[in-house]
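Everything on this sheet refers to the single structure shown next.
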Amino acid sequence: GYMSPEQASARPVDHRSDQFALGVMLYEMATRTRPFERATTAQSLVATIEAEPPPVEIVNREVPAPLAAIIGRCLAKAPRDRY
């Protein structure tokens, strides 16, 4: 559930995969839902690679905009778009 898109695609990983995992945890804490959870493990992996989660600020309107921006950046599909 915390695997980055590059891990799920069997591509090389670096410290930015950890940033993605942090983004998943922050998303869960802010929304009480998993961003990529689907009915099966295979569907969840595909969602991790291809789907965008609902924006944090839509799921929980109480999340401050700066935190939502941090979470969104951590969950970027491309590692170069993360911190």
Side-chain angles (χ1 to χ4, degrees):
Y2 301 94
M3 196 178 293
S4 67
E6 55 273 23
Q7 284 176 300
S9 300
R11 295 183 310 219
V13 299
D14 60 20
H15 65 280
R16 295 169 295 187
S17 285
D18 294 332
Q19 293 172 9
F20 188 88
L22 174 63
V24 172
M25 289 187 290
L26 292 172
Y27 188 99
E28 289 178 6
M29 290 190 297
T31 67
R32 297 183 181 173
T33 63
R34 289 187 164 205
F36 305 105
E37 186 170 34
R38 303 297 189 269
T40 68
T41 301
Q43 291 171 329
S44 295
L45 285 173
V46 170
T48 299
I49 296 167
E50 298 177 354
E52 294 296 331
V56 172
E57 60 273 20
I58 300 299
V59 180
N60 181 355
R61 296 191 188 280
E62 295 182 20
V63 173
L67 177 58
I70 290 168
I71 294 169
R73 188 163 177 190
C74 286
L75 291 178
K77 296 296 181 190
R80 70 179 175 277
D81 294 335
R82 298 180 207 138
Y83 290 99

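- The line from OG of Ser4 to CZ of Arg11 is 8.0 Å long, rounded to the nearest 0.5 Å.
- Minimum interatomic distance between Gly23 and Cys74 (heavy atoms only, all atoms of both residues): CA-CB, 3.6 Å.
- For residues 72-83, the salt bridge (charged side-chain N to carboxylate O under 4.0 Å, His left out) pairs, not counting sequence neighbours, are Glu6-Arg82.
- Under the salt bridge (Lys or Arg N to Asp or Glu O under 4.0 Å) criterion, Glu57 pairs with no residue at all, not counting sequence neighbours.
- Ala30 and Ile71 get closest at one heavy-atom pair: CB-CD1, 4.2 Å.
- In this structure, Ile58 is not a member of the same hydrophobic cluster as Val56, with clusters built from ILVMFWY side-chain heavy atoms closer than 4.5 Å.
- A donor-acceptor pair under 3.5 Å is absent between the side-chain atoms of Thr48 and the main chain of Pro5, judged by distance alone.
- In the hydrophobic clustering (ILVMFWY side chains linked at under 4.5 Å, chained through shared members), Met3 is joined by Leu45.
- Residue pairs meeting the side-chain hydrogen bond (donor to acceptor under 3.5 Å, both in side chains) criterion with at least one member in residues 20-31, sequence neighbours excluded, are Tyr2-Glu28, Glu28-Arg34, Thr31-Thr33.
- Using a 4.5 Å heavy-atom cutoff, the side chains of Phe36 and Ile49 are not in contact.
- Taking the side-chain contact (heavy atoms from CB on, under 4.5 Å) definition, one finds that Asp18 meets it with nothing, sequence neighbours left out.
- When all heavy atoms of Leu75 and Phe20 are compared, the pair lying nearest together is O-CE1, 3.5 Å.
- Closest non-hydrogen pair, Arg16 versus Pro79, comes out as CD-O, 3.2 Å.
- For Thr40, the side chain to side chain donor-acceptor pair (under 3.5 Å) test picks out Gln43, with sequence neighbours left out.
- Here the closest heavy-atom approach between residue Val63 and residue Ala68 is recorded as CG1-N, 3.9 Å.
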